[in-house]
Amino acid sequence: MELTDSITSMGGVGKKRGELYEKLGIRTVGDLLGHFPKEYTDLTETVNIADAPINEQAVILCEVKTKIPAARIRQGLILYKVIVTDSTDDLTVVIYNNRYAFENFTVGGQYRLYGRITGGFTRKEMNSPMVIKADDRHLIRPKYSLTEGLTAQMLITNIERILDETAEKTEDFLPDSIRTRFELCTEEYAYGNIHFPESMHAADISKRRLGFDELLTMQCAMFLSKISSRESAGCVMEQKDLSRFEESLPFELTGAQKKAINGITADMCGKYPMNRLVQGDVGSGKTAVAAAACYFAYLNGYQSAMMAPTELLARQHQATLQGFLEPLGIEVGCLTGSMTLKQKNALKERLAEGSCMVVTGTHALISESTKFLKLGLVITDEQHRFGVNQRKLFAGKGEHPHKLVMSATPIPRTLALIMYGDLDISVINELPKGRQPVETYAVTGKLRSRALGFVKKELDAGRQGYIVCPMIEESEGGEVQAATSYAEKISQGELRGYRVGLLHGKMLPAEKDNVMADFKAGKIDLLVSTTVIEVGVDVPNATIIMIESSDRFGLSQLHQLRGRVGRGKYRSYCILLTDNATEETKARLRIMSSTSDGFVIAEEDLKLRGAGDFFGSRQSGLPPLKIADLYHDRELLSDTQAAMKTLIEESADLSAFPKLRERAERLLSQNGDEGMN
Ligand code: ADP
Ligand code: MG
């Protein structure tokens, strides 16, 4: 039996069970072996029936005295009883409607039962317990995620067989030196004990080993994807003087921006294509950095293209870049799906002949018919919204162009290393001078009208504001509905006389653009919106944002939303409304009012919500981790980082570790379009 064999090729698994396994994503023998238990039921510690406390879970070691035949209590309800004893007392096992479970008991047979003890002092009962034979060697029972028709026992039987037949056949993929240095058990031990642990300690040891494997494989995959881009020569550029760019800016670049620009231009002069992430908090000025990179490419005779996930952002980037580059005589185009065919063709022609040197756009940029004369730099904004294939297509528009990725999502350092292990990272951890932190208040719904009064005061002073509407999980339709009726209600009620606009994800791109343009131009005082405004919207005159049901958002998301204000010279405010004032909510919202540092907030968010949600909410593009947790296993993560370092020192392309490479390559290919970052 090989781990790559189809699951149906193994004895005891037919077509039907194969289909059930398929539902769980299990196709091969190896997939089943990698279907780890969620938790365990520990049947090692038993109590005497006489001592077993009522209404608590207990494990009883007993012998069957008598079986009482089925009794039909009423229509559709059949009751079976089995009297067991352990010499201290008798216990009645009650089974409903499960003849099979009843028949499995033999009189005189020894069993371990696990369940809740009920009844009184005279007659104790246990309803539908978990039952194993007394001599069963697996006293710690795995609990698997299952699907209808597939029982835990079926999995146990199949997995036992796989373990028996593959044991000692496969050599550990980890070098011994790494295994001993990080005190890890063998792979064989780990697989055996993750499913059928000898003790809870054995389960922990196994979990650690398998978590290590998972994190190491992931990092290794990142590393391979990083070095593979080094195989090709890039568009080698020359150092150029950027002082004209700096002088034409209406502000002084921050130190962090300069540092990022230097990193970028150095990369672009290198032999290999740049592969760099610029990570910076909202408002840290990433677009100015991107503009510098475009200008640098331009001076070297290369075109640049910036791709954004939405039409709105693509247009905004065009406007921003235009603002920076027009004074230098560079015109910035924008290519989006909603343009007329004629407009698109005209721009495409200019890109193909090289008369348009800088362009922004949506994925229209990667459509088949878009061609560039000499594309030297591709920039993606909010990259995790793009899959690997899209990014590949984008880069394919040039001859190994330099790649720049911009992310406004602060991520704790250790995690950035794993999420973006294939990229070099520049962090812009400094906000432009003179920015005041956004004053943030968390209030309950009782203060809503006072909060609105505050909003009005800002609007009266000539400023603009946002109200973000409750997120409704069920459907996007619900969310739109909520925002629409909210806007109606408020414009006829508290905010009567003000110009209230509405923005949501279901509007046509052109409608959204119109609303945003009106808002930017000051024709709308207050914008009621869903979270579509979360990413990158820039209106410096907006000074107040009120977020309804703020407890439903993650902290990082609230931080993103808050970043829509405080972008200009005016003092700005964020009001977090909640009708759910639990202690936990209060604690979370307090973090928002106490800091404006996105990295600190990200760290807290991660701590409060766990890695699953933290990454889930931002579609990290990381393969799902089955066993390791990026937050709780931080120590293991740093162990694997150290291990990676050692392995690379020993073998720069990891070719000395073919098994590890193979695992990593498999991960890369499985991940497909979902993509690692
Ligand atoms: P990000 O994309 O990082 O959220 P932007 O690039 O959109 O930030 O910049 C936010 C605002 O700050 C823009 O209006 C931009 O013109 C301005 N800005 C950028 N860099 C500076 C700076 N060094 N000093 C002052 N303002 C800046
Ligand atoms: Mg931006």
Side-chain angles (χ1 to χ4, degrees), residues 242-243 245-262 264 276-295 304 306-310 312-328 332 358 360 379-385 404-411 425-438 463-464 466 516 519-522 533-543 545 556-570 572 574 596-599 601-602 618:
L242 292 182
S243 56
F245 173 79
E246 290 193 32
E247 280 155 20
S248 76
L249 289 176
F251 47 73
E252 175 103 15
L253 289 171
T254 64
Q257 282 173 315
K258 284 186 192 159
K259 210 167 131 196
I261 293 171
N262 288 339
I264 290 166
R276 183 171 287 273
L277 169 75
V278 174
Q279 211 196 10
D281 215 335
V282 273
S284 61
K286 293 178 294 293
T287 321
V289 169
C294 294
Y295 182 58
S304 302
M306 184 193 278
M307 184 161 66
T310 67
L312 194 72
L313 285 173
R315 296 205 178 279
Q316 187 177 288
H317 281 322
Q318 178 199 23
T320 315
L321 288 183
Q322 186 96 48
F324 293 135
L325 298 176
E326 205 164 38
L328 303 163
V332 180
V358 180
T360 68
I379 307 172
T380 46
D381 187 19
E382 294 300 325
Q383 65 143 4
H384 28 259
R385 304 221 178 173
L404 189 64
V405 165
M406 300 199 300
S407 169
T409 319
I411 285 163
I425 304 180
S426 297
V427 176
I428 307 190
N429 51 4
E430 180 186 356
L431 291 182
K433 264 203 237 48
R435 285 275 160 83
Q436 305 157 345
V438 177
R463 304 287 81 77
Q464 290 162 283
Y466 302 95
M516 270 328 286
F519 189 61
K520 273 195 175 184
I533 59 151
E534 180 188 346
V535 191
V537 171
D538 187 20
V539 178
N541 190 46
T543 55
I545 183 165
S556 295
Q557 200 178 10
L558 288 176
H559 181 64
Q560 287 284 329
L561 289 168
R562 179 168 66 180
R564 297 312 107 220
V565 299
R567 301 176 77 85
K569 53 183 184 281
Y570 309 105
S572 297
C574 170
S596 55
D597 184 330
F599 288 92
I601 288 169
R618 51 178 46 64

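Side chains are part of it too, since the values below use all heavy atoms of this structure and drop only hydrogens, waters and symmetry mates. When a ligand or atom number is given, it counts from 1 through the structure's own listing order.
Counting atoms of ligand 1 from 1 in the listed order, those under 4.0 Å from a heavy atom of Thr254 are 23 (N). Atoms of ligand 1 found under 4.0 Å from any heavy atom of Leu253 (numbered from 1 in listed order, with element): 23 (N). With ligand atoms numbered from 1 in the order given, ligand 1 contributes 3 (O) to contacts under 4.0 Å with heavy atoms of Asp281. Using a 4.0 Å cut-off to heavy atoms of Glu252, the atoms of ligand 1 that qualify are 22 (C), 23 (N), 24 (N).
A heavy-atom distance below 4.5 Å is not found between the side chains of Met516 and Arg315.
The shortest heavy-atom distance from Gly280 to ligand 1 is not under 4.0 Å. Not a single heavy atom of Thr320 sits under 4.0 Å from any atom of ligand 1.
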Working for side-chain contact (heavy atoms from CB on, under 4.5 Å), residues Thr254 and Leu431:
CA-CA 7 Å; Thr254 64; Leu431 291 182; over 6 Å; no
Do Cys294 and Ile379 pass the side-chain contact (heavy atoms from CB on, under 4.5 Å) test, and can you show the C-alpha distance, the side-chain angles, and the key distance before you say yes or no?
CA-CA 9 Å; Cys294 294; Ile379 307 172; 3.8 Å; yes
Hey, mind stepping through Val539 and Arg564 against side-chain contact (heavy atoms from CB on, under 4.5 Å) and telling me if it holds?
CA-CA 7 Å; Val539 178; Arg564 297 312 107 220; over 6 Å; no
Should Asp281 and His559 be marked as a side-chain contact (heavy atoms from CB on, under 4.5 Å) after you check the CA-CA gap, both sets of side-chain angles, and the distance that decides it?
CA-CA 9 Å; Asp281 215 335; His559 181 64; 2.7 Å; yes
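For Phe519 and Tyr466, the gap between ring centers is short of 6.0 Å.
Checked against Ser426 for a side chain to side chain donor-acceptor pair (under 3.5 Å), the options Lys286, Lys259, Gln279, Arg276 give a single hit: Arg276. Screening Lys569, Lys520, Arg463 for a side chain to side chain donor-acceptor pair (under 3.5 Å) with Asn541, the sole residue that qualifies is Arg463.
Contact annotation: for Lys433 versus ligand 1, there are no heavy atoms closer than 4.0 Å. With a heavy-atom cut-off of 4.0 Å, Thr287 touches ligand 1 through backbone and side chain alike. Within the 4.0 Å heavy-atom criterion, neither part of Met406 lies near ligand 1. Within the 4.0 Å heavy-atom criterion, neither part of Ile428 lies near ligand 1.
Note: no N/O pair closer than 3.5 Å links Phe251 and ligand 1 by distance alone.
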